[in-house]
There are 2 protein chains.
Amino acid sequence: MGAGDSIDADSRGGRATMRDVAARAGVGLSTVSRVVNGDVNVSAARTLAVEQAIAELGFRRNDSARHLRMGAASSIGLLLESVSDPFFSLINQAVEEVALVRDSLLLSASSHQDAERAKKMVLAFCARRVDGLIITPSEPQEIDYLRAELRAGVRMVFIDRPVPGLDDDDSVATDTVLTDNAGGARTGVEHLIAHGHRRIACFTDRADLFTSHHRILGYRLALEAAGIPFDPALVFSADDVAENFAGPLAAMLAMAQPPTAIFTGNNRSTVAVLRQLVGRPDRPAIVGFDDFELADAMTPGVTVVAQDPLAMGRTAAELLFRRLGGEAGPTQTITLGTTLIRRGSGEQRP
Amino acid sequence: MGAGDSIDADSRGGRATMRDVAARAGVGLSTVSRVVNGDVNVSAARTLAVEQAIAELGFRRNDSARHLRMGAASSIGLLLESVSDPFFSLINQAVEEVALVRDSLLLSASSHQDAERAKKMVLAFCARRVDGLIITPSEPQEIDYLRAELRAGVRMVFIDRPVPGLDDDDSVATDTVLTDNAGGARTGVEHLIAHGHRRIACFTDRADLFTSHHRILGYRLALEAAGIPFDPALVFSADDVAENFAGPLAAMLAMAQPPTAIFTGNNRSTVAVLRQLVGRPDRPAIVGFDDFELADAMTPGVTVVAQDPLAMGRTAAELLFRRLGGEAGPTQTITLGTTLIRRGSGEQRP
DNA sequence: ATGAAAGCGCTAACAC
DNA sequence: GTGTTAGCGCTTTCAT
């Protein structure tokens, strides 16, 4: 393009640097830095010269170098169970929105319930010196490496489930954003009871997961409050929802006293049950935990206990940035309420 | 914790650096670097000393500094229309999977059809000196800043839609991964025709979008091939799908010769139409472009022309990494085929 | 086998 | 106002 004086950047194969710009504009390095950063204390003539050189060279500031120097990455890490799961992808979106406002970039990754992978990604984020981390913990969550990073000063907010055993070390501080799983489940099951059901089945994810555990608890709470005896034969939990529900569900429906209603513990369980029951005219009443697209377009519409994943993500991200901004104060656990959305499937009578 | 000799890192407030480790282990800086990078040419004694110091200090290599020095970021940027859209979130997942294998981190962002936002994020990625970019372009796509970055050596792969006008500059090279939109749409509409339909409506996103345009083209191609006259009154496009379909759809169904079938041009259109038609016994036959969760759990199941977003994401990411690895060769446009999935709604007869 | 020193591209004193 | 200089934490010759 120009003369032979842009040899530096071009022939080096890389991009123009501030030094290249300085040379081209015939000014000092710091003048370039000042112009790039909008410092007013630069003469008009020099400002112009620098801007022209920048344009000619296609210079763009290297933010990595900048951040290395400044000691802040302007980026945060987000570890989800799966970026393609509708629930988590909404959290992703909310976090992204907050990060955008804070001029922070988002590094994201999925753990897919794989503790090794989760660890690898978290440590990779930390090695990049992200300002902070938002994490959906694995269960059980390996705790030592997290504590090491926390001690080193990395801020973390946990989302969807807590990490037990981390707060016994007062030198580390983390926050947690949860849904009111037990309360929401209780509301959903009470709704079924209010519509006359007494034989209510419960299908969930692995019962040892934090969320499932609490939702089953809420289910039992509702039964107890209504004086309905808890029947373990009506509860089924499995890790691979889609594959494992068919048999138990069929068996339950073939009981002498079959359930007249089903409470499903999460998105995937609801969908799996719905699939099994497609086209059955005697379909039991259904209330699902967690809303999903098209719940309203089914016939009948599917009544759900809705979480608010956008609010969860936003809350977690805002909390993280406030902490990064220096907000002190004790560890916080924020529990978000749920909303019962009536669409028909939960209002059927026995 | 230990003695007063870790003053450096601790009191500086930051993390331990290699220099801290070197001091603590009583070795030179480069020896630490060698140990950290698994160089074999270090005596056992020193290796041990370094490893111990690393453990004591909780040292973790700063990858940003490393990459600055090495001139490669080991990260790629991904710009999607929306991370929470099921279609794009699957692309996100596929890209993530490839990046994982390549030991590259993923910076992700959503444009939400906002050209300004898209530009901001792409430039932010470039300022971070990502190794490459995978982009869902805006329409129309502002081209100048992309070309500037391409000239500067940034590799880009476009996904879901092409960027016209970029290839008139032979100094820049980009690749593109698309779905066979026209072919898929044609297949879907031909399927309806094969089942006896001749009045087939078409509901899509904004008609000027690349994907919608080609799907409408495919729709018309199928009609022409069957000798069915094209009736513009049966085609409706709108940008806000959910809000704007109700009126036109009702109007069409009230026609003297109403459509007996509907072809919907994307995920959101299908869902919107389904919502409008919920509970109507005389529902027209429906074929939708793009698959969606629960399409099989509706009654009847929804017949779709399925794209393969996972394959799109994987293809784009692998192409990008091959380019980054030095693969030369001309610009590539890879078009992925579609699959017709029969579920009932498309097999209804008039 | 090991350490000293230069430098990746930037910012922030510090002098002038 | 402006340039010089010293790092941020790392890798990488280059001597030794």
Side-chain angles (χ1 to χ4, degrees), chain A residues 8-50 53-54 57-74 126-131 152-153, chain B residues 8-9 12-50 53-54 57-74 126-131 152-153:
Chain A
D8 251 18
D10 268 359
S11 66
R12 223 177 32 236
R15 299 188 69 138
T17 71
M18 282 196 180
R19 257 191 38 218
D20 300 327
V21 174
R24 177 113 181 181
V27 303
L29 177 56
S30 30
T31 296
V32 177
S33 178
R34 290 188 183 103
V35 172
V36 169
N37 294 299
D39 189 324
V40 285
N41 295 325
V42 183
S43 73
R46 284 191 152 87
T47 303
L48 205 67
V50 169
I54 286 178
L57 262 37
F59 167 81
R60 182 103 45 203
R61 178 178 63 195
N62 183 331
D63 278 346
S64 295
R66 172 169 208 251
H67 294 136
L68 170 62
R69 178 58 225 249
M70 302 204 309
S74 293
C126 291
R128 284 306 211 297
R129 296 295 187 271
V130 293
D131 299 319
Chain B
D8 251 18
R12 223 178 33 239
R15 299 189 65 139
T17 72
M18 282 195 180
R19 257 190 40 218
D20 300 327
V21 174
R24 175 115 182 179
V27 303
L29 177 55
S30 25
T31 296
V32 176
S33 178
R34 290 187 184 103
V35 171
V36 168
N37 293 300
D39 188 323
V40 287
N41 294 325
V42 182
S43 71
R46 282 191 154 88
T47 304
L48 205 67
V50 169
I54 286 177
L57 262 38
F59 167 81
R60 182 104 45 204
R61 178 177 65 194
N62 183 330
D63 277 345
S64 296
R66 172 168 207 252
H67 293 137
L68 169 62
R69 176 61 224 250
M70 302 204 309
S74 293
C126 292
R128 284 304 211 294
R129 295 298 188 271
V130 292
D131 299 318

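Being a predicted model, the structure only gives us computed values, none of them experimental. No hydrogens, no waters, no symmetry mates; every other heavy atom, side chains included, goes into these values. Chain letters run A, B, ... following the sequence lines, proteins first and then strands; every chain starts at 1.
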B/Thr47: side chain to side chain contact (heavy atoms under 4.5 Å, CB included) partners, not counting sequence neighbours: B/Val35, B/Val42, B/Glu51
Value rounded to 0.5 Å, distance of CZ in A/Arg69 from CG in B/Leu68: 12.5 Å
Residue pair A/Arg129 / A/His67, side-chain heavy-atom distance below 4.5 Å: no
Nucleic acid contacts - residues 62-72 of chain A versus DNA chain D, non-hydrogen atoms under 4.0 Å: A/Leu68, A/Arg69
Sorted by number, the residues of residues 29-41 of chain B with heavy-atom contact under 4.0 Å to DNA chain D: B/Leu29, B/Ser30, B/Ser33, B/Asn37
Nucleotide D/dC8, atom P - distance to CZ of A/Arg61 in whole Å: 20 Å
Atom pair CZ (B/Arg34) and CZ (B/Arg46), whose distance is rounded to the nearest 0.5 Å: 10.5 Å
Separation between SG of B/Cys126 and CZ of A/Arg60, rounded to the nearest 0.5 Å: 7.0 Å
Separation of D/dG1 C1' from A/Leu48 CG (nearest whole Å): 16 Å
All side-chain hydrogen bond (donor to acceptor under 3.5 Å, both in side chains) counterparts of A/Asp63, not counting sequence neighbours: A/Arg61
Closest-nucleotide 5' rank along DNA chain C - winner of B/Arg129 and B/Gly26: B/Gly26
A/Met18 CE to C/dA12 P, straight-line distance once rounded to whole Å: 10 Å
B/Ser33: side-chain hydrogen bond (donor to acceptor under 3.5 Å, both in side chains) partners, not counting sequence neighbours: B/Asn37
Any residue meeting side-chain hydrogen bond (donor to acceptor under 3.5 Å, both in side chains) with A/Ser30, in chain and number order, not counting sequence neighbours: none
